[in-house]
Amino acid sequence: MKKLIIALSAGLFLVSNFTNAQQKLGHINSDAIFANYADVKTASATAENFAKTKQTEVAKMVGEFQTKLKAAQDKEKTLTAANKDKLTKELAGAETELKALGTKIETLKTQSAKDVSDKQNELFAPIQKKVSDAIAAVAKEKGLTYVFDSSKSQGSNSMIYSNAGDDITASVKSKLGIK
């Protein structure tokens, strides 16, 4: 019985190795594609400008907060026995306004971060699909079963050996019109 199991296991191992030997593998360096793709540069610039706009909105509100805080601190310095009641009410109102403005700033920061992330997704999703489609097209043309990404940014720089003839980076660049 043990011999039969060992024989079956060895047979399955040989069949799986034979099947794997029939599969054609390829690799690509997606960093090289994205670094030279004009659409990526355009989307990056657009995303960067959008982020700067959001940062400016937050900075404007922080400036407003700082101005109101300084005004309240300056009023507090003029506190005397004669104007104590009036100034105490004004300072309490200013404190409430500053707290509300602080909350508004935090909300704006959170919303701005979400807006920037959404904008980046909106800009880069079509580019990623375009590149993915080009990779799939080239892989089909070359009869590849699998394509591995050998770029460092993808964290899969674990390829020990690759045949330069199977590198489809140049073909994908050509399909996308990248020089």
Side-chain angles (χ1 to χ4, degrees), residues 19-20 22-72 93-179:
T19 304
N20 287 340
Q22 300 295 348
Q23 296 175 345
K24 217 172 159 192
L25 307 177
H27 62 92
I28 187 167
N29 183 344
S30 63
D31 288 346
I33 290 172
F34 285 105
N36 298 304
Y37 196 18
D39 289 0
V40 171
K41 291 176 183 177
T42 302
S44 293
T46 301
E48 207 172 292
N49 288 337
F50 185 76
K52 284 179 184 176
T53 300
K54 292 295 181 178
Q55 288 171 347
T56 301
E57 289 175 21
V58 171
K60 182 179 175 185
M61 195 172 283
V62 167
E64 181 183 338
F65 178 87
Q66 290 172 337
T67 300
K68 289 183 179 190
L69 177 63
K70 184 167 179 0
E95 182 181 357
T96 303
E97 185 180 358
L98 287 169
K99 282 182 182 177
L101 192 54
T103 302
K104 194 174 176 183
I105 289 170
E106 288 306 312
T107 302
L108 181 62
K109 282 181 181 179
T110 303
Q111 185 60 46
S112 292
K114 183 187 177 311
D115 290 349
V116 167
S117 178
D118 290 349
K119 187 67 165 180
Q120 288 174 334
N121 290 337
E122 173 190 321
L123 293 168
F124 287 102
I127 294 169
Q128 289 172 329
K129 177 158 178 23
K130 224 172 168 180
V131 171
S132 180
D133 289 349
I135 291 169
V138 170
K140 285 179 185 172
E141 289 169 9
K142 294 190 174 269
L144 301 175
T145 306
Y146 297 102
V147 177
F148 296 95
D149 192 347
S150 61
S151 62
K152 291 183 188 283
S153 70
Q154 295 302 315
S156 54
N157 191 23
S158 60
M159 203 174 293
I160 298 170
Y161 172 80
S162 64
N163 183 340
D166 290 337
D167 186 351
I168 65 168
T169 305
S171 299
V172 172
K173 279 180 161 182
S174 173
K175 178 130 344 241
L176 291 169
I178 299 172
K179 294 182 179 180

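Fair warning: this is a prediction, and the values are worked out from it, not measured in the lab.
- The closest side-chain heavy-atom distance from Ile28 to Phe148 is not below 4.5 Å.
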Side chain to side chain contact (heavy atoms under 4.5 Å, CB included) between Gln120 and Val116, worked out: CA-CA 6 Å; Gln120 288 174 334; Val116 167; 4.2 Å; yes
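- Contact record, Asp115 with Phe50: O-CE2, 3.4 Å, taken as the closest heavy-atom pair.
- Taking every heavy atom of both residues into account, Leu101 and Met61 meet most closely at CD1-CG, 3.9 Å.
- The only option from Thr145, Asp149, Leu144 that meets the side chain to side chain contact (heavy atoms under 4.5 Å, CB included) definition with Val147 turns out to be Leu144.
- A donor-acceptor pair shorter than 3.5 Å cannot be found between the side chains of Asn29 and Ser150.
- When all heavy atoms are compared, the tightest approach of Lys119 to Thr46 is CE-CG2, 4.5 Å.
- Across all non-hydrogen atoms, the minimal contact from Lys173 to Ile33 is CG-CG1, 4.0 Å.
- Distance NZ/Lys60 to CD/Glu64: 8.0 Å, rounded to 0.5 Å.
- Within the 4.5 Å cutoff, side-chain heavy atoms of Lys99 are placed close to those of Glu95.
- Taking NE2 from His27 and OG1 from Thr169, the interatomic distance works out to 7.0 Å, rounded to the nearest 0.5 Å.
- Rounding to the nearest 0.5 Å gives a distance of 10.5 Å between CD of Gln111 and CD of Glu57.
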Please table the atom pairs, donor to acceptor, closer than 3.5 Å between any side-chain atom in residues 121-139 and protein atoms at least two apart or in another chain.
from: Asn121; atom 1: ND2; to: Ser117; atom 2: O; distance (Å): 3.4
from: Lys129; atom 1: NZ; to: Asp133; atom 2: OD1; distance (Å): 3.3
from: Lys129; atom 1: NZ; to: Asp133; atom 2: OD2; distance (Å): 3.0
from: Lys130; atom 1: NZ; to: Tyr37; atom 2: OH; distance (Å): 3.4
from: Lys130; atom 1: NZ; to: Asp39; atom 2: OD2; distance (Å): 3.0

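- Ser171 and Lys142 make their closest contact through OG-CE, 3.5 Å (heavy atoms, listed as atom of the first residue, atom of the second, distance).
- For Lys175 against Glu141, the heavy-atom pair with the smallest separation is NZ-OE2, 2.9 Å.
- Between the side chain of Ser174 and the backbone N or O of Ala170 there is no donor-acceptor pair closer than 3.5 Å.
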